[in-house]
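Have a look at the structure below before the remarks.
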Amino acid sequence: MANSWRRERWDSLRLLTPNFQSRLPGYRYEGADPDGFMTMTEVVEFIAGFAVIAGAPVRTQTTVTSVTPADGGYHVSTDQGELRCRTLVLASGACNLPSVPALRSAVPAHIACVSALDYRNPAQLPDGGVLVVGASATGVQLADEIHRSGRPVTLSVGEHVRMPRTYRGKDILWWMDNSGIWNQRYDEIDDLARARKLPSPQLVGTPHRATLDLNTLTSAGVAIVGRLAAIRDGRALFSGGLRNQFALADLKMDRLLDTFDEWARTAAREAEVAPPERFEPTRTPASSRLDLDLRHGEIRSIVWATGFRPDYSWLDVPVVDAKGYLRHDGGVVDAPGLYAIGLPVLRRRKSTFIHGAEDDARDLVDHLARYLG
Ligand SMILES: Cc1cc2nc3c(=O)[nH]c(=O)nc-3n(C[C@H](O)[C@H](O)[C@H](O)COP(=O)(O)OP(=O)(O)OC[C@H]3O[C@@H](n4cnc5c(N)ncnc54)[C@H](O)[C@@H]3O)c2cc1C
């Protein structure tokens with residue numbers, strides 16, 4: 001139970017969604033700190049509490065080894081025996097494997113490579129310089145933590161989503177929820193494929209509700225470089241488009257804040273929030289390096305914070321595309337009686353978050369019940 005939160009997260013991680021957003025069907029955070037962020041131990045306790053009230057017949061310590069179509073339903077093989085069912089809901093998660101670019105194979109052998117699924121804390125890394133590749137939620141958090149451990153950190157930044165932790169006195173995710181952005185349905189989104197691939201926002205959950213953006217990291221002494229484009233003859237080569245990347249992320253953040261301001265005005269919520277604010281544009285480093293020699297000891301380890309992907313290697317149903325992603329329409333998978341939940345923008349922008357499951361589950365259960373009927 002709560003397997004991914006127990007076994008696949010780094011030690012210092014806290015949810016980036018505030019406690020008031022920790023809710024599951026008929027169950028929510030009831031503690032004294034609604035604006036705080038749960039540690040992994042607290043998340044596991046939270047989910048264990050839900051398991052008690054839900055009382056669902058969960059088989060723990062059971063791995064599904066294959067699913068095959070059979071007699072108008074599915075045959076499920078597990079390491080604890082065989083099962084038959086007419087309908088099946090895939091809730092196996094979106095983040096089972098690290099998504100590491102192929103250029104990883106060109107990294108010189110003496111450099112330690114760690115993915116975000118393997119990373120636990122800085123002590124796991126050798127002393128010396130660390131290259132963190134990827135600057136979404138995971139990358140900025142790990143760059144900050146590793147830098148604080150005394151190791152010089154270089155952070156490679158590609159496309160990213162910048163967000164302040166708080167805006168007009170409220171958590172930024174309070175705005176996402178209340179303004180309706182997170183409730184936007186998948187069939188109302190213009191470029192759904194792109195929305196499903198959007199990187200996670202640069203956010204961290206800390207007791208001080210601190211913003212962790214590239215300006216914070218630059219001020220702390222983290223060296224920012226562009227997107228890792230190639231590794232050739234032992235040299236890491238970075239794209240030179242930092243200024244454009246920053247301008248784009250700043251522009252999108254400002255547009256989002258404009259949307260929030262507009263909502264606060266039209267929904268007559270101005271009295272609840274502080275006046276509008278705008279943030280310093282992302283500072284472009286005076287000189288950012290375009291390459292880094294990986295052969296001579298400046299960099300001793302690389303942390304790949306380049307995202308996650310699902311693992312359907314056990315699913316023997318032809319519903320997975322060439323890139324390993326499930327073919328589905330709002331969680332209704334391209335095979336009779338097969339459903340999925342918990343994937344990015346499955347039915348709503350909030351689908352991939354803990355509190356996003358409830359509305360999606362209700363819609364899918366309606367569909368599933370009609371199918372069985
Ligand atoms: C680093 C990180 C930080 C995150 N932070 C937040 C956050 O702050 N707030 C938030 O709301 N969301 C956060 N998320 C997203 C979070 O993963 C989801 O909100 C939530 O965990 C989704 O729950 P789930 O049950 O759908 O998937 P998961 O938690 O991934 O659970 C899927 C389960 O299925 C199991 N499984 C997979 N394959 C098989 C198989 N073949 N047989 C048996 N079991 C199998 C897995 O082991 C896992 O236990 C974060 C995700 C990551 C990776």
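Throughout, residue positions are numbered sequentially from 1 according to the sequence presented. Whatever order the structure lists ligands and atoms in, that order sets their numbers, starting from 1.
Arg278 and Tyr167 form a side-chain donor-acceptor contact under 3.5 Å, judged by distance and modelled atom types alone. Counted by atom type alone, Gln202 and Arg162 present zero donor-acceptor pairs between their side chains at under 3.5 Å.
Atom 31 (O) of ligand 1 has its nearest heavy-atom neighbour, among Gly205, Ser4, Pro310, in Ser4. Nearest to atom 2 (C) of ligand 1 by heavy-atom distance, out of Arg9, Arg59, Arg14, Arg6, is Arg9. Of the listed options Ala116, Ser313, Ala305, Ser92, Ser92 places a heavy atom closest to atom 37 (C) of ligand 1. The residue from Leu173, Leu24, Asn3 that puts a heavy atom closest to atom 49 (O) of ligand 1 is Asn3. When Leu203, Leu315, Thr17 are checked for heavy-atom proximity to atom 9 (N) of ligand 1, Thr17 turns out nearest. Nearest to atom 11 (O) of ligand 1 by heavy atom, out of Thr65, Val76, Ile354, is Ile354.
For the pair Thr211 (side chain) and Asp213 (backbone), a donor-acceptor distance under 3.5 Å is absent. Checked by atom type and distance alone, the side chain of Arg327 pairs as donor or acceptor with a backbone atom of Pro318 at under 3.5 Å. No donor-acceptor pair closer than 3.5 Å links the side chain of Glu262 to the backbone N or O of Asp258. Proximity of a side-chain donor or acceptor of Asn215 to a complementary backbone N or O of Arg283 within less than 3.5 Å is detected.
Annotation for ligand 1: atoms under 4.0 Å from non-hydrogen atoms of Trp314 are 38 (N), 41 (N). Contact atoms of ligand 1 toward Cys95: 53 (C) (distance under 4.0 Å to a heavy atom of the residue). Applying the 4.0 Å criterion to heavy atoms of Thr62 picks out, from ligand 1, the atoms 43 (C). Near Leu15, meaning under 4.0 Å from any of its heavy atoms, are these atoms of ligand 1: 7 (C), 8 (O), 9 (N).
Considering backbone and side-chain atoms alike, Leu16 places an N or O below 3.5 Å from some N or O of ligand 1. Of the polar atoms of Ile341, none of the N or O atoms is found under 3.5 Å from an N or O of ligand 1, judged by distance alone.
Protein heavy atoms are absent from the 4.0 Å sphere centred on atom 45 (C) of ligand 1. In this structure, atom 24 (P) of ligand 1 has no protein heavy-atom contact shorter than 4.0 Å. Atom 41 (N) of ligand 1 is approached by the protein to below 4.0 angstrom, counting heavy atoms only.
Residue-level proximity to ligand 1 for Ala2 is absent, since no heavy atom of it falls below 4.0 angstrom. No part of Asp311 comes within 4.0 Å of ligand 1, judged by heavy-atom distances.
Ring pair Phe46/Tyr27: centre-to-centre distance below 6.0 Å.
Ring planes of Tyr339 and Tyr371: perpendicular class, angle over 60° (limits at 30 and 60°). A perpendicular orientation is assigned to the rings of Trp263 and Trp174, their planes being inclined by more than 60° (bins at 30° and 60°).
Atom-to-atom distance recorded for Leu97:CG and Ser115:OG is 9.5 Å, nearest 0.5 angstrom.
Note on ligand 1: Leu117 sits outside its first shell, no heavy atom being nearer than 4.0 Å.
Looking only at protein heavy atoms, the nearest one to atom 30 (O) of ligand 1 is Gly93 CA, 3.5 Å. Of all protein heavy atoms, the one closest to atom 5 (N) of ligand 1 is Trp5 CH2, 3.8 Å. For atom 10 (C) of ligand 1, the closest heavy atom belonging to the protein is Phe353 CD2, 3.5 Å. Of the protein's non-hydrogen atoms, the one nearest atom 19 (O) of ligand 1 is Thr352 O, 2.9 Å. Remark: minimum distance from atom 26 (O) of ligand 1 to any protein heavy atom is reached at Gly342 CA, 3.9 Å.
Around CD of Gln61, the count of heavy atoms belonging to other residues, nucleotides or ligands within 6.0 Å does not exceed 12. Within 6.0 Å of atom CZ in Arg232, 12 or fewer heavy atoms from other residues, nucleotides or ligands are found, so the atom counts as exposed in its surroundings.
Side-chain contact check for Lys170 versus Asn178: every heavy-atom pair is 4.5 Å or farther apart.
Shown are Val365, Leu364, Asp360, Asp359; of these, the side-chain contact (heavy atoms from CB on, under 4.5 Å) with Arg362 is made only by Asp359.
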